[in-house]
Amino acid sequence: MQRLRAPRLGQPSVHNPLRMPLPGTPHSSYPNPPEERSDGVLRHLSTPGLTVGLITLWVALSPSLLPRAWWMTAVNVGVSLAYGYVIGSLLGRFVSWLARRTDLRVEINARSDWSLRTLWLVFLIIVSGIVWIRSLHQQEQISLVAGVSRGGALNQFIGVLAGLALFWVLLLIGRGLRRLWRRVKRLIEPILPGPLEGVVAALIVVFAVLFVSETLVYQRALNWALGNATQLSQTSPEGRTAPPEPERSGSPASYESWESLGREGQMFVSDGPRASDIAGATGEPALDPIRVYAGKAEHDEIEDAAQAAVAELVRTGGLERSVVNVATTTGTGFVQEWSTQSLEFLTGGDVATVSMQYSFFPSGLAYISDRDTPPRAGRALFEAVEAEIQALPEGERPRLFASGESLGSFGGQGAFDDADDMLARVDGALWTGTPRFTPLWSSLTESRRQGSPEIAPVIDNGQNIRFATRPLELTEDFYGAPFVDWEEPRVVYGQHASDPVVWWSWDLLWEEPDWLREQVGRDVSPDLSWERWVTFWQIASDMPLSVDVPPGHGHEYKNEMVPLWAGVLGMDPLADYSEIVATIDTLVLDR
């Protein structure tokens, strides 16, 4: 390496400088950057960008919370490779700029240049192959823990190929935006001074992209999805008919017609146990559980739907039951059947569950487009039910419980200002699969006892509120230490260490969370680690199939709902509930 002075104006340039001084690092030739002057197979790729991109690809192939389907691998590979490529390209440009500023060059002939670049590419490909083989072994381990397979090596290979295709599409889009920026920059050159023209051109391009994305892509996609969801909600579920019992909405005696309940509401009121089912499983006399529901089709306003649901609660005699359960739905109006039935069996049917539909959106779309409506709906329904109960003589009031899963948990907790407010107003609550962005969940988790893990935080030594990744943790903390006596009201947060709905958040982009740093989840790979940007997409891609796993993993809360509700009710959560679980398993239909 030697230091040369820049040629004077008109003087012949020195021998063609090296386009890549060291494998994987940018070269110092100027005036053109490396990706615009390279030859052969690397003509259209930045070597520094490709190097850093492949490193992020290796990280993307590392384990996440659940076994991956091919498209999950494709998303991880494509966006991670694109991210790394951009970072590497920017670093390469910076080093080239720095070399020009210091007048530093390295000379090498074209043949050696080509050989070095080819050898470096071969090295990256070999390492990538080794990483991929290792990732197959890690996926097999996760599959064994989670009890589900996603297709093995062929599935992952297809995913990698699709991810490379996705990367190329993203790369073409990026280069198109860069060309657009250059054209805009040339257009405004006569108007603005040099230092500002690039910044202003970039702002114009960004605003143009945002405008097009919002008006032509996002809004149209949202309207299309809403139209499909609305149409699906108006379709009656196969095999269900209007219930004949007056204790159910949609019956001949109901204020709410069968058609008005929507698809999820119809399933909710038609499904579930009757008195004979409960008595057969418990060996004790039982009542027919009350289920009331108000659909969005007839009650577009949230407050109107809440009042309609309460009117149904009064009509059916729900306020005369020992327990009233306010169940907040997910976006489509879905009520968690395992949760509802578990409470119905454990109370001998002496319970009324009240719910309502506030949206047509599936939870995934609601996460993105509307986080205001679920807590508004949760508060409106709870306060309407609470007002009716408070109007009763004190000795005649039923116990008031609250519940919800996933977006329903987020919405249901929106009824309360904080933990003290919740404990002051409920006789018990069960929240499962709570999204990380839920304010009440977040404040409780942040205030946990020092030394307790984020996946199972200890709050006030378990006096009222207990988090559990499995039923045993209702009686002792994650590490086996006993709690203090469990006082009423009892609140349970059920959450699996492998549930991406609970652990995904935007700050995964830039910050390692405690649950990843602690690495204590029993059904989570010990090889799971955090890497900015990459981990965000790994956990995000886990979410769509998080319910396609056996109970006790991911976002699948089923069998444990019985002992979790038992804990809330003050019963022994570790007692034998196998008969109830088996009966519920036969009653819960595929939804």
Side-chain angles (χ1 to χ4, degrees), residues 145 281-282 323 325 336 338-348 351 399 401-405 409 413 419 422-423 426-434 440-441 444-445 447-499 502 514-515 518-524 550-582 584-585:
V145 173
T282 63
V323 170
N325 173 32
Q336 221 279 26
W338 270 90
S339 176
T340 305
Q341 291 202 30
S342 296
L343 182 58
E344 289 170 341
F345 274 88
L346 291 171
T347 57
V351 57
R399 290 195 292 169
F401 290 78
S403 64
E405 180 169 294
S409 179
Q413 292 177 64
M422 178 172 61
L423 294 177
V426 301
D427 293 289
L430 175 58
W431 311 111
T432 52
T434 306
L440 183 50
W441 181 97
L444 285 170
T445 302
S447 66
R448 67 189 184 275
R449 187 178 69 192
Q450 186 175 4
S452 62
E454 187 175 19
I455 63 170
V458 176
I459 310 299
D460 294 330
N461 292 321
Q463 181 175 340
N464 295 104
I465 301 173
R466 299 187 179 181
F467 287 74
T469 65
R470 54 178 180 166
L472 178 62
E473 290 160 23
L474 295 181
T475 61
E476 60 187 35
D477 69 16
F478 186 83
Y479 298 112
F483 290 121
V484 297
D485 291 340
W486 202 353
E487 299 180 5
E488 294 184 349
R490 299 180 179 91
V491 176
V492 169
Y493 284 84
Q495 53 193 34
H496 300 147
S498 58
D499 186 352
V502 177
D514 290 343
W515 65 269
E518 293 160 351
Q519 289 191 328
V520 294
R522 295 183 179 88
D523 60 344
V524 174
H553 302 284
H555 199 56
E556 193 74 340
Y557 298 87
K558 289 185 175 180
N559 302 26
E560 70 256 56
M561 298 302 292
V562 177
L564 293 183
W565 265 119
V568 173
L569 293 168
M571 305 165 65
D572 181 6
L574 303 184
D576 182 11
Y577 298 107
S578 57
E579 189 66 31
I580 292 177
V581 169
I584 295 176
D585 197 35

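FYI, the numbering just counts along the sequence from 1.
Atom CG of Leu472 and atom CD of Glu560 lie 13.0 Å apart (nearest 0.5 Å). Rounding to the nearest 0.5 Å gives a distance of 8.0 Å between CD1 of Ile580 and OG of Ser342. One finds the CG atom of Leu343 at 4.5 Å from the CH2 atom of Trp565 (value rounded to the nearest 0.5 Å). The line from CG of Leu440 to OG of Ser409 is 9.0 Å long, rounded to the nearest 0.5 Å. We find the OG1-CE distance between Thr432 and Met561 to be 4.5 Å, quoted to the nearest 0.5 Å. With values rounded to the nearest 0.5 angstrom, Lys558 atom NZ is found 7.5 Å from Asp585 atom CG.
Judged by distance alone, with hydrogens and angles left aside, the side-chain atoms of Gln495 form a donor-acceptor pair with the main-chain N or O of Ile455 at under 3.5 Å. A distance-only check finds a donor-acceptor pair linking the side chain of Ser498 to the backbone of Gly554 [under 3.5 Å]. Using modelled atom types, no side-chain atom of Glu579 and backbone atom of Tyr577 make a donor-acceptor pair closer than 3.5 Å. Under the 3.5 Å distance criterion, the side-chain polar atoms of Ser339 are left unmatched by any main-chain donor or acceptor of Gln336.
Shortest non-hydrogen contact noted between Arg449 and Asn461 is NH1-OD1, 2.8 Å. Between Thr434 and Tyr493, the shortest heavy-atom distance links the atoms OG1-CD2, 3.9 Å. Pairing each heavy atom of Ala497 with each of Val524, the nearest pair is O-CG2, 3.5 Å. For Ala419 against Ile465, the heavy-atom pair with the smallest separation is CB-CD1, 4.3 Å. Asp485 approaches Arg466 most closely through the heavy-atom pair C-NH2, 3.9 Å. In plain terms, the two heavy atoms of Pro453 and Val520 that are nearest each other are CB-CG2, 3.7 Å.
The neighbour count for Asn464 CG, taken as heavy atoms of other residues, nucleotides or ligands under 6.0 Å away, is above 12.
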Trace of the side chain to side chain contact (heavy atoms under 4.5 Å, CB included) decision for Val491 with Trp431: CA-CA 8 Å; Val491 176; Trp431 311 111; 4.1 Å; yes
Side chain to side chain contact (heavy atoms under 4.5 Å, CB included) between Val581 and Phe345, worked out: CA-CA 9 Å; Val581 169; Phe345 274 88; over 6 Å; no
Go through the steps to decide whether Phe478 and Glu473 satisfy the test side chain to side chain contact (heavy atoms under 4.5 Å, CB included), and finish with yes or no. CA-CA 6 Å; Phe478 186 83; Glu473 290 160 23; 3.5 Å; yes
Go through the steps for Arg399 and Leu569 under the test side chain to side chain contact (heavy atoms under 4.5 Å, CB included), then give the verdict. CA-CA 10 Å; Arg399 290 195 292 169; Leu569 293 168; 3.9 Å; yes
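Residues passing the ring-ring contact (aromatic ring centres under 6.0 Å, His included) test with Trp486, sequence neighbours excluded: none. Residues passing the ring-ring contact (aromatic ring centres under 6.0 Å, His included) test with Tyr557 are His496, His555, sequence neighbours excluded.
The closest side-chain heavy-atom distance from Leu444 to Pro457 is not below 4.5 Å. The shortest distance between side-chain heavy atoms of Glu488 and Asp427 does not fall below 4.5 Å.
When each of Val562, Thr282, Val568, Val323 is paired with Leu346, the side chain to side chain contact (heavy atoms under 4.5 Å, CB included) condition holds for Val562 and for no other.
A salt bridge does not link Asp477 with Arg448: none of the charged nitrogens is closer than 4.0 Å to a carboxylate oxygen.
For the pair Arg490 and Phe401, the NZ or CZ position fails the cation-pi test of under 6.0 Å to the six-membered ring centre and within 45 degrees of the ring normal.
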